[in-house]
Structure formats: C-alpha cells, structure tokens
Protein chains: 2
Amino acid sequence: MSKSSRGGALSPGRATIHDVARIAEVSTATVSRVMSGGKPVSAEVTDRVRAAAREVGYRPNPAAQTLLRGRSQTIGVVAPDLANPYFAEILKGVAAEAAEGGHHTLVAGSDEDPDREYRSAMELARWVDGLLLCAPRMSTPRLKEVAAASRSLVLINRILRHPSIGAVVVDYQEGIRLLCEHLASLGHQRIVYLEGPPNAWSDRQRQRGFRVAEALKQTVTPVPCGSAMRDGYSAVDEALTHQPTALIAFNDHVSLGVLTRLRELGIDVPGELSVAGIDDAPMSAHMDPGLTTFAVSTVELGRLAWQRFSSDPAAGATHLSGELVVRGSTGPAPRRRRSQASAAKR
Amino acid sequence: MSKSSRGGALSPGRATIHDVARIAEVSTATVSRVMSGGKPVSAEVTDRVRAAAREVGYRPNPAAQTLLRGRSQTIGVVAPDLANPYFAEILKGVAAEAAEGGHHTLVAGSDEDPDREYRSAMELARWVDGLLLCAPRMSTPRLKEVAAASRSLVLINRILRHPSIGAVVVDYQEGIRLLCEHLASLGHQRIVYLEGPPNAWSDRQRQRGFRVAEALKQTVTPVPCGSAMRDGYSAVDEALTHQPTALIAFNDHVSLGVLTRLRELGIDVPGELSVAGIDDAPMSAHMDPGLTTFAVSTVELGRLAWQRFSSDPAAGATHLSGELVVRGSTGPAPRRRRSQASAAKR
DNA sequence: ATGAAAGCGCTAACAA
DNA sequence: TTGTTAGCGCTTTCAT
C-alpha cells in the first residue's frame, strides 16, 4: 500500500514489468507468467500481480515482446491509392480479419509510383510478419527482392511464379469475356477499352480477355486512360473519335468520370452509347443509369488475402471469380452510328 | 571473402548487426555508427561496413531500435469505417504526410462500435508515438483513458477540453447555416434532416447549426438515419411522411442512397424535392443531378492532423471551415406541396 | 510454484 | 577513430 504510491502512476502507459514486480513483490518472471496466462502460478500471487498491474496501468511493451519473439503480430498493406474505394475496401476487410487474429495493420499508399511502392514495401518488410501488396506496379526483380526481405509475401491482382510469393487474383479475363458477350448479345461491334495504369498486371489480364472479341466479330480499340475518375472523364473525347457503340472502362471508378463527361456532351447512355465498368464499386448501383459491371467481392478478396498469411503455404495463386451485373448503362447498339460531327465536336 | 560465405545470405532480411560486424571485422558499435550516419568513422571502415551490410542485406531491426529509443516512429489511426471515402481520404492524407516525416501508419476500423473503437485505440496506443482518432464515438471518460495511455492524442471532428488532447474539427455548424440559408433563398420552409450515428459529435454540431432555421422561418424535422449509403436509402420513406420540400443528409454518402430511393419512387430532384449533402465526396460532382453540399477538404484535414503531432503542442482545437457548393440537386421549392398520397404510397 | 539469469538486436555512454 | 560495456523491457530456460 505505502509502497504502491512510490510507484508513480503518473504516466500509466509507461509502467514496466519491473514496476509491477516491485509492487506485487514477485519476480518479473512471475509477472510475465501471469500476464501471458496458462502458466502455473498460485491464485494468491496471480491476484497480487493483477492488482499491481491494474494499479499502475501496466501494458507490456510490444517492442520488447517483438524483439524477443521475433514476430510483431503486425501485417503490412501497400496499395496504389488508399482513397480508391476498391483498395479502401480491401484494406478494411484485411484489417478486420487481422484484428480478429490478433494482428495489427500497417498501411502505405504508393500514389501509383512504382518506386515509392518498392521503398514502402521494403520499409514495412522490416516490421511485419506478413506483407500484402495490392496490385503492385513495381518490376518483377524488385518484387522478388521484396519477397526475399519479407517473412511472408502475398500479392493481390498480380501473379509471379516464385516459391515464396502467394497471390489472390480476380479473374478479369473472364470478366472481360462476360462483358463482351453481353455487349455482343446487344449487337455491339465497335468497342473502346479505356486502359488502366501502364504497369498494372490486371490491365494486361483484361486485355487478354479481349481475345474473345474476334470470335464475337467485335473490334476493340484500346485508349490510354488510367484508374481514377478524372482519367475516365478526360479519356472520353479521344474514345469517341473511334466511334464506338460501347465503352468498357478499366474500372467503375473510371466509368463514373466517363458518364459525367458523356452527360456534358449530351450523349445518351445507353441510347447512343453503352458503358460498362469493372469491380462493382458501391456507388455503381446508385448511378443513373446504373452501371453494368463485372462484380468482384472486395470483402472476399480481403478475407482470402488474410487466409494466405494465417493458414495456407505462401506459394501459388487463389483465383476469385466475379459475376456480370447488368444495369441500365448498357443497351441495344444504336441502328445508325452517330454522325462524325456529333462525335467530334467538343 | 571466404568469411562472407559463412555468413549465410539465405534470409537477407534476418541478418543482424553482429553478422555485419563480423564480416567487416569491426565492432557492432561501429556498424551502428555507419548505419545511422553523421558519426565520426574513417572512410575506409565506412566502405567495409557498407559492403558487408549490402552483402548480407542487413536492415536494422526496428523492434530493437524502438525498445532502445522509446519511440516507434509510428502513428495510429482509428476510424469508424475505413471504406467510407471520407475516412479513406483522411487516412491517405495522414499516411502520406507521416511517411514524409519518416513515420509509419497503423490503422484500425471500429465498424461504428464504440467498444471496439476503445479497444483498438488502447491497443494501438501501446505501439505508437501518436494516435489519431477519427470521429470517435466512445464516451468522454474512455477518451480520457486513451489520452492517458497515449504518448500523444489527436481527435478529428470531436472536441474535448483536456490538457493533452488536440483536435482538428470541421465547422459543421457553419455548414448547416450555409445550407439553410441557401435553401431559404430558394423558398424552402419544411426541411428534413437525416441524422448521423447516435454518438457522433459532429452530428450534434450539425444539429446546433439548425438553430438558424427559426430566424429563416424554416421547420427542421430530424429523422434517424446513419452514415452509410444504405442508411440514406432506407430513411427516405420516413422522411417523406413529413412532407418536406428539402432534405439535408448527414453526409454525401447518405445523400447518394437518398437520390437512388427518390429515383425509384419517381420523385423529381430538385423539382419536387431538393437534396443536399455534407462533405463533398468525390462522387458528388458526378451524380445526376450534381449534389449541392458543404465542401470540406479531407486533404487539409489530414495535413492538419499530422501537424498536430509534428509541430503544435497537443491541446486545443484547430477549426477548419468549408464552403457551400451549389449543384443541381437543389432548386426552388415547389409551389404546391406534393399530395399526401404521392408521398405516402410505397 | 517461484526466482535468477541470460539474451533478443540495437545504441549510447565511456574508455582507449 | 574505434572498441567495450551496459541496458532498453520482456520471456524463457534452468535452478530451486
């Protein structure tokens, strides 16, 4: 009692195991045993220790625990854009699962910069037990470097044949196929594809998916774009010069920008032009018209990514498939192509 | 040379300072000096150490550094919903600023659960140098507990008079005032406010803002709602029973759900009903009609929050103001109130 | 059931 | 300029 007041409960977060040991009049080893539980300690001592711990607000120093155990109970997540709903949802899912499993989540955004992405990944690798790279844009050799520096590495939407790299990927090739078939059934022959970021593996998967177009007698013209709303907005004008009857964007986010620009131009969707996205972002169902898209469960993506850390061996890829969601933004191809004039002017 | 092969470069991330010291044939202290830089070490030794470090891929163990220094170079961010664009953007901003300042960012989502929020905060507090709580829903006593357990605590959108708690808040009261005045100028007298989550301080600020309504001869009816799109969608029907000519939602996210439901009901916006949101979410400009809203810079919010950690003393609140953005979703109040029938049916 | 002691990887005195 | 040593806070043998 008199002793305890000497302990100094001024900064509760800063009490160490020694403080507790001193107050409870036991060794630090015993305190440790009580705190971790499941160790043989007498009831009486347990109570004394618990009381002392509560008194000074003792909480074990995680750095010390990490140093000793060699594991930080922390995972790292790196994504090109933390504000992009797609990655934000994955992060939310992974962080929730990780917390469930007693792990913390460290994040870093790369702003689509492969170099920054690499540096962030290497930096986080020092800390974490497992590293999750979302749609990494860095080169393959660098990715292998990261793998070597990481205790455990999992990729989302990128595949790399490597013994210690795991992956969870969405089957975007199938997504494009479904979208093309859907458009074909509506009579669309001229499609423009708004491309994603240059180094995105998942963009290449989409491009591959377009190989079905030939069989469907469709022409697909790729137009450089990006992954953000404003990219879609800006790419519309060039897309229109190819006089498509339908337009598929890299993702729903981009489609949003597209719809806005088309509205400005007074082009009716889907009357004059059909528009489709990919991913089924939360707001896609709320657009007017609703956006036809290839729906992917980000929740599931996050869950699967976490599983790679906790259960599965690292190597190999888990494939996740999505489904076609038809809403109002796609409709029958117009009988007559819009006039050159209406397409080009502004 | 011959020695180095014994070092075993198998797991590069796991090499310790001892390995480097052995290979470079110096003491660990010297290695430490070289790695941290700015210490007096001869050029020749520096080279040897650097070479050895590169050879084994040495990277200092952050847990050991943290244990020694007492600081982890890490901040923590807790938010009610990591997938909510508002918080995702704040997170993006804070994480970017923190990285700039050589800090890592630990995140946790609370799913709007005050209890989970408290536990996450206390847990992160063990680790981090600074803790950022976004729109915390937990009770004031608990918040003080967290403050006591944290090295440094900053709140976004919540104020608490406490010597060691800093805050960055948006002036939502002003936002509501601007919105009300705007609607008044359009002749709106009957407004429904779709309330945010029960424990949100920022919701209470909004409610206070509505005190201007009286002077403007407006009636404001609050209707319980929430912070998510689906909340807005679900709350519309009850809102309509009050026969408003305008509707203000807790945030833009909610407004999106509102617009969708109104479209389903065939109610014209803004012809029959005006709708306004708060925050100016990225997609708000892309809706049809565009959403009138009180715009807040999340980027600035993130930047200011980070500044609280790096420069300012903790206590006190920084106020951030926003601006009215008028788009198509608000218009003149309809001459005649919609008939009871049309409002109630369905 | 409990304590003493070693040591995780690193850095900061203090010596030399 | 470089090495030796102590110790950050904790857990885990190994004794007792």
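Owing to the predicted nature of the structure, the values given are computational and were not obtained by experimental measurement. Naming: A, B, ... by sequence-line order, numbering from 1 per chain.
Within the structure, the salt bridge (charged side-chain N to carboxylate O under 4.0 Å, His left out) test picks out the following pairs touching residues 135-149 of chain A (sequence neighbours left out): A:Glu112-A:Arg137, A:Asp115-A:Arg142. Among residues at least two apart or in separate chains, salt bridge (charged side-chain N to carboxylate O under 4.0 Å, His left out) pairs with a member in residues 28-49 of chain A are A:Glu44-A:Arg48.
A 4.5 Å side-chain heavy-atom check between A:Arg151 and B:Arg14 finds at least one atom pair inside the cut-off. No side-chain heavy atom of B:Phe87 sits less than 4.5 Å from a side-chain heavy atom of B:Val77. Put simply, the side chain of A:Leu301 reaches to within 4.5 Å of the side chain of A:Leu320, judged on heavy atoms. With contacts defined as side-chain heavy-atom distances shorter than 4.5 Å, the pair A:Thr16/A:Asn61 does not qualify. Contact annotation: the side chain of A:Val169 never approaches that of A:Ile156 to less than 4.5 Å [non-hydrogen atoms, C-beta and beyond].
Partners of B:Val128 under the side chain to side chain contact (heavy atoms under 4.5 Å, CB included) rule, at least two apart in sequence or in another chain, are B:Thr74, B:Leu106, B:Leu131. For B:Ser42, there are no side chain to side chain donor-acceptor pair (under 3.5 Å) partners two or more places apart in sequence or in a different chain. Every residue was checked against the ring-ring contact (aromatic ring centres under 6.0 Å, His included) condition with A:His162, not counting sequence neighbours, and none meets it. By the side chain to side chain donor-acceptor pair (under 3.5 Å) test, A:Thr66 pairs with no residue at all, sequence neighbours left out.
Shown for residues 28-35 of chain B: residues whose heavy atoms fall under 4.0 angstrom of DNA chain D, namely B:Ala29, B:Thr30, B:Arg33. Near DNA chain C, meaning a heavy atom under 4.0 Å away, the residues from residues 40-51 of chain A are A:Pro40, A:Val41, A:Ser42, A:Val45.
At its two ends the helix from C:dA1-D:dT16 to C:dA16-D:dT1 runs along axes set 40° apart, each axis drawn from five pairs and the angle rounded to 10°.
Nearest-nucleotide positions on DNA chain D place B:Ser27 closer to the 5' end than the other of A:Arg69 and B:Ser27.
For the residue pair A:Thr318 and A:Arg308, a side-chain donor N or O sits within less than 3.5 Å of a side-chain acceptor on the partner. With hydrogens and angles left out, the side-chain atoms of A:His104 and A:Gln73 include no donor and acceptor closer than 3.5 Å.
For DNA chain C, the span of nucleotides reached by chain B at under 4.0 Å from its heavy atoms goes, 5' to 3', from C:dG9 to C:dA13. Read 5' to 3', the first and last nucleotides of DNA chain D with an atom closer than 4.0 Å to a heavy atom of chain B are D:dT1 to D:dG9.
Other residues, nucleotides and ligands contribute only 12 or fewer heavy atoms inside 6.0 Å of the CZ atom of B:Arg50.
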Cut-off 3.5 Å, no hydrogens considered: what does the side-chain donor-acceptor table look like for residues 89-100 of chain B, sequence neighbours left out?
| residue | atom | partner | partner atom | Å |
| --- | --- | --- | --- | --- |
| B:Glu89 | OE1 | B:Thr298 | OG1 | 2.5 |
| B:Lys92 | NZ | A:Asp81 | OD1 | 3.0 |
| B:Glu97 | OE2 | B:Arg303 | NH1 | 3.3 |

